[in-house]
Amino acid sequence: MYTIVFDLDGTLSDTAPDLIHTLNLILTQEGLPALPYGAARNLIGGGAQVMIQRALTAEGKDATEAEIERLYAAFIAYYSEHIADRSRPFPGLGRALDDIGAAGFKLAVCTNKLEWLSLRLLKALDLTQRFAAICGPDTFGAQKPDPEVFRQTVRRAGGEPDRAIMVGDSKTDIHTARAARVPVIAVDFGYTDVPIASLQPDRIISAFSELPAAIGDLLGL
């Protein structure tokens, strides 16, 4: 049976409100203006450190590696305590997971959010038990779009890497799937700085109610 591997931020859960609140808190503490919500939303996807780097670039500020590390530590310290203040699963997620789980698919999470933060978030959202594996960049010492992160996540879930599907919201997820040579379903309600259709995923869904049919269509079921 196939393993369905989900991204987390912007795919399973709308985490932007908490991520952006934390990012802007860090920026204003540095004397920089807060980023508009819409602009900051498109910075999500490569992990918190990448988001901070992108934000500083958007503000026209150069920062040393040590400064980035300091801001990243401050970000994680605050965010870990406020990880689900405003974050919520996207509508219809629970029913879709019920349906594909009942059909016999294994479920896993492969994210660029740290594993322990991912576990904390999914626990707060009562989703942890849904997944056979929840893996982040610290799990295997690499991050998406490295295809080995995807393959190891599938293996940890008890699946076979060549019998898996990626579900994500950004170019990182689509590039990961292409590198791993697996199909990819993209959601069009996540975080991306370019139109998701321009990235040419195998299928695009606009609601989780469409996910079981998209999987079935890809697999010819």
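Because only heavy atoms are used, hydrogens play no part in the values below, and waters and symmetry mates are left out as well, while side chains stay in.
Using a cutoff of 4.0 Å between basic side-chain nitrogens and carboxylate oxygens, D18 and R86 are scored as salt-bridged. Ionic pairing of R70 and E67 is not present here: no N-O contact between side-chain nitrogen and carboxylate oxygen is shorter than 4.0 angstrom.
With rounding to the nearest 0.5 Å, the separation of OG in S206 from CG in D188 is 3.5 Å. Taking CG of L219 as the reference point, atom CZ of R163 lies at 8.5 Å (rounded to 0.5 Å). The line from CD1 of I185 to OG1 of T11 is 11.5 Å long, rounded to the nearest 0.5 Å. Atom CG of D138 sits about 10.5 Å away from atom CG of N112, to the nearest 0.5 Å. Atom-to-atom distance recorded for E30:CD and L71:CG is 4.5 Å, nearest 0.5 angstrom. Note that CD1 of I52 and OG1 of T22 are 9.5 Å apart. Values are rounded to the nearest 0.5 Å.
R41 approaches F189 most closely through the heavy-atom pair NH2-O, 3.2 Å. The two residues I100 and I215 make their nearest non-hydrogen contact at CG2-CD1, 3.8 Å. G159 and P161 get closest at one heavy-atom pair: O-CD, 4.0 Å. The two residues A197 and I204 have their closest heavy-atom pair at CA-CD1, 3.7 Å. Looking at every heavy atom in both residues, P145 comes nearest to H175 through CB-CB, 3.9 Å. Among all heavy-atom pairs drawn from D169 and G10, the shortest one is CB-O, 3.4 Å.
A single hydrophobic cluster is not seen to contain both L25 and I44; linkage of ILVMFWY side chains at heavy-atom distances under 4.5 Å, directly or through other members, places them apart. Taken together through direct or relayed side-chain contacts under 4.5 Å among Ile, Leu, Val, Met, Phe, Trp and Tyr, I205 and I174 form parts of separate hydrophobic clusters. A continuous path of hydrophobic side-chain contacts links L23 to L19 [ILVMFWY only; heavy atoms under 4.5 Å]. Linking ILVMFWY side-chain heavy atoms closer than 4.5 Å, directly or via other members, places F208 and F105 in a single hydrophobic cluster. W116 is connected to Y72 through a chain of hydrophobic side-chain contacts under 4.5 Å among Ile, Leu, Val, Met, Phe, Trp and Tyr, so both are in one cluster.
Remark: A207 pairs with S209, E210 by the side chain to side chain contact (heavy atoms under 4.5 Å, CB included) rule, at least two apart or across chains. Every residue two or more places apart in sequence or in another chain that forms a side chain to side chain contact (heavy atoms under 4.5 Å, CB included) with L119 is listed here: E115, T128, I134.
Side-chain atoms of R120 come within 3.5 Å of backbone atoms of S80 as a donor-acceptor pair (strictly under, hydrogens ignored). Side chain of R54 to backbone of L43: a donor-acceptor contact under 3.5 angstrom is found. Side chain of S13 to backbone of D9: no donor-acceptor contact under 3.5 angstrom is found. S170 places no side-chain N or O within donor-acceptor distance of the main-chain N or O of Y191, the cut-off being under 3.5 Å. The main-chain N or O of L35 is found under 3.5 Å from a side-chain atom of N24 such that the two form a donor-acceptor pair. Under a 3.5 Å cut-off, the side chain of R88 and the backbone N or O of A84 do form a donor-acceptor pair.
Taking 4.5 Å as the limit, some side-chain heavy atom of L97 sits within range of a side-chain heavy atom of L93. No side-chain heavy atom of P183 sits under 4.5 Å from any side-chain heavy atom of M166. Side-chain contact between V5 and V109 is absent, with no heavy-atom pair separated by less than 4.5 Å. In this structure, the side chains of H21 and Y79 stay at 4.5 Å or more apart for every pair of heavy atoms. Inter-residue side-chain proximity for L121 and L127 is flagged as unmet; no heavy-atom pair is nearer than 4.5 Å. Using a 4.5 Å cut-off on side-chain heavy atoms (C-beta onward), L8 and L122 make contact. Residues T192 and N42 have side chains not in contact (no heavy-atom distance under 4.5 Å, counting atoms from C-beta outward). Between D162 and V182, the closest side-chain pair of non-hydrogen atoms is not below 4.5 Å.
Between F131 and F6, the ring-plane angle classifies as perpendicular under the 30° and 60° cut-offs. Taking the six-membered ring for Trp and thresholds of 30 and 60 degrees, H82 and Y78 have nearly parallel ring planes, at less than 30 degrees apart.
The stretch residues 172-182 participates, sequence neighbours left out, in these salt bridge (charged side-chain N to carboxylate O under 4.0 Å, His left out) pairs: K144-D173, R178-D202.
Within 6.0 Å of the CD atom in Q129, the count of heavy atoms belonging to other residues, nucleotides or ligands exceeds 12. At most 12 non-hydrogen atoms from other residues, nucleotides or ligands lie less than 6.0 angstrom from CD of Q200.
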> What's the verdict on side-chain hydrogen bond (donor to acceptor under 3.5 Å, both in side chains) for E148 and Q152, showing C-alpha distance, side-chain angles and the deciding distance?
Replying inline: CA-CA 6 Å; E148 194 57 27; Q152 291 291 351; 3.0 Å; yes
